[in-house]
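Remarks on the structure that follows.
Basis for what follows: all heavy atoms, side chains included, without hydrogens, waters or symmetry-related copies.
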Amino acid sequence: MNELDQFWSVELTRLIENARRSGRADVVDYLELRAQNDAIREVGIRWLIESLIAISAASNRGTASVEIFREEPHRFDIFKATMAGTRVKFQQGVRCLSVEAGWTRTPGDGFMRGGALAAARIKHLGMPKMGVELGLLMQDDEPLWHEFVEGKHGQAFTLQHLNSHFSTFLG
């Protein structure tokens, strides 16, 4: 969690307590839902990024020698909105795989489409058709990444899919 996310978490807790003291149950409900959704978003993004880092670490125990670069905070446009979150780049020589993940934070960023809580993009440098856009959806009370095509959600995106993207990256 970066400094801005930590600040927001503390501020949200303060706002919830102020609303409780003021008897504003409607505001409390909204802010608690927002905090719960933010926690789900963080878990989903952490799974996506840490899974790819673990896959990279396993390949580095062999002969891969993949370098990892993390950029946080990072902003990117996807689904006609601006996301704030994280970008991680995996580099091996001239090959590069990147994953961007985040969600809209302010009204000016737009809104999350297709019922997604968060959005992500996996890109392969020089191979644009190999990339994928993802949305984090709740399914059976669990957050699960799904492929998004033209803003509509499709199949679930699993660890097997991440391994496939990393294999493509390694060539």
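Between His146 and Phe148, the gap from one ring centroid to the other reaches at least 6.0 Å.
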Q. For Ile122 and Ser98, what are the C-alpha separation, side-chain angles and deciding distance, and is it a side chain to side chain contact (heavy atoms under 4.5 Å, CB included)?
A. CA-CA 6 Å; Ile122 297 175; Ser98 68; over 6 Å; no
Q: For Cys96 and Phe90, run side chain to side chain contact (heavy atoms under 4.5 Å, CB included): C-alpha distance rounded to whole Å, both residues' side-chain angles, the deciding distance at 0.1 Å, then the answer.
A: CA-CA 6 Å; Cys96 182; Phe90 301 86; over 6 Å; no
Q) Do Thr168 and Met127 pass the side chain to side chain contact (heavy atoms under 4.5 Å, CB included) test, and can you show the C-alpha distance, the side-chain angles, and the key distance before you say yes or no? A) CA-CA 10 Å; Thr168 299; Met127 297 184 285; 4.1 Å; yes
Q) Taking it one step at a time, do Arg87 and Phe76 satisfy side chain to side chain contact (heavy atoms under 4.5 Å, CB included)? A) CA-CA 9 Å; Arg87 176 171 60 179; Phe76 64 103; over 6 Å; no
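Within the model, atoms CE of Met130 and CG of Leu125 stand 13.5 Å from one another, a figure rounded to the nearest 0.5 Å. Here Met83 contributes atom CE and Ile78 contributes atom CD1; the two are 6.5 Å apart, rounded to the nearest 0.5 Å. Note that NZ of Lys89 is 10.0 Å distant from CD of Glu100, once rounded to the nearest 0.5 Å. Atom-to-atom distance recorded for Glu133:CD and Phe79:CZ is 5.0 Å, nearest 0.5 angstrom. A distance of 12.0 Å separates OG in Ser56 from CG in Leu162, rounded to the nearest 0.5 Å. One distance of note links CD of Glu42 with CG of Leu117; it measures 12.0 Å at 0.5 Å rounding.
Residues Asp38 and Arg34 have side chains in contact (heavy-atom distance under 4.5 Å, counting atoms from C-beta outward). Counting only heavy atoms from C-beta outward, the side chains of Val99 and Arg121 never approach each other to under 4.5 Å.
Remark: of the listed residues Ile45, Asn37, Leu136, Leu136 is the sole one forming a side-chain contact (heavy atoms from CB on, under 4.5 Å) with Pro143.
In the hydrophobic clustering of ILVMFWY residues, with side-chain heavy atoms under 4.5 Å counting as a link, Val66 and Leu159 come out together.
Listed by first then second residue, pairs satisfying ring-ring contact (aromatic ring centres under 6.0 Å, His included) with a partner in residues 105-124 read His124-His165, not counting sequence neighbours.
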Taking only distance into account, with no hydrogens and no angle test, what donor-acceptor pairs under 3.5 Å do side-chain atoms of residues 47-55 form with protein atoms, sequence neighbours excluded?
residue	atom	partner	partner atom	Å
Trp47	NE1	Ser51	OG	3.3
Ser51	OG	Trp47	O	2.6

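The main-chain N or O of Gly44 is found under 3.5 Å from a side-chain atom of Trp145 such that the two form a donor-acceptor pair.
Residues passing the side-chain contact (heavy atoms from CB on, under 4.5 Å) test with Glu67, sequence neighbours excluded: Phe69.
Here the closest non-hydrogen pair linking Thr104 and Ala81 is CG2-CB, 3.9 Å. The two residues Ser59 and Phe166 have their closest heavy-atom pair at OG-CE2, 3.5 Å. Nearest heavy-atom pair across Arg70 and Thr86 is NE-CG2, 3.6 Å. In terms of heavy atoms, Arg75 sits closest to Ala84 at NH1-CB, 3.5 Å. When all heavy atoms of Gly135 and Ala116 are compared, the pair lying nearest together is CA-CB, 4.1 Å. Residue Arg105 comes nearest to Gly85 through the heavy atom pair NH2-CA, 4.1 Å, listed as atom of the first residue, atom of the second, then distance.
Looking at Arg20 and Glu32, a side-chain N of the basic residue comes within less than 4.0 Å of a carboxylate O on the acidic one, giving a salt bridge.
A donor-acceptor pair shorter than 3.5 Å cannot be found between the side chains of His161 and Ser164.
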